[in-house]
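Working notes, structure below.
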Amino acid sequence: MYNNGVLYGAIQEGVHLFYIKESNTWKPTGTAAFTHFWLIDNGHWKLKRVLSYDHH
């Protein structure tokens with residue numbers, strides 16, 4: 001995301017995969033979509049907002 005040609009933020013989207021450990025193996029238990037909003041603050045990326053949705 002840009003403001004007057006200067007980068008100030010970014011949007012990241014993806015899917016979380018959830019697992020549980022049972023008898024020394026990992027079993028998938030669900031998924032969820034996410035959207036993260038990142039901002040640059042004093043030259044450092046900071047995670048400003050997190051949305052987690054569509055849990056199954």
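We use all heavy atoms of the structure for the numbers below, so side chains are in, but hydrogens, waters and symmetry mates are not. Since the model is a prediction, treat every value here as computed from it, not as a measurement.
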Minimal non-hydrogen separation, Met1 against Phe37, with atom names: SD-CE1, 3.5 Å
Shortest non-hydrogen contact between Ser52 and His16, atoms and distance: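 Answer, listing the atom of Ser52 first, then His16: OG-CD2, 4.0 Å.
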Centroid-centroid under 6.0 Å between His55 and Tyr53 rings: no
Leu47 with Ile11, same ILVMFWY side-chain cluster at under 4.5 Å: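 Not linked; separate clusters.
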What's the separation between atom [atom1] in [X] and atom [atom2] in [Y], rounded to the nearest 0.5 Å?
X     : Y     : atom1 : atom2 : answer
Leu7  : Trp45 : CG    : CH2   : 4.5 Å
Lys46 : His44 : NZ    : NE2   : 7.0 Å
Arg49 : Leu39 : CZ    : CG    : 9.0 Å

Test side chain to side chain contact (heavy atoms under 4.5 Å, CB included) applied to Gln12 and Thr35, step by step: CA-CA 6 Å; Gln12 176 186 27; Thr35 301; over 6 Å; no
Parallel, tilted or perpendicular: ring planes of His36 versus Trp38, cut at 30 and 60 degrees: perpendicular
Test item: Ile40 and Tyr8 side chains (from C-beta on) under 4.5 Å apart, heavy atoms: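 No - every pair of side-chain heavy atoms lies 4.5 Å or more apart.
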Sidechain-backbone polar pair: Thr29 side chain, Phe18 backbone, donor-acceptor under 3.5 Å: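 Checking the backbone N and O of Phe18 against the side chain of Thr29, a donor-acceptor pair under 3.5 Å is found.
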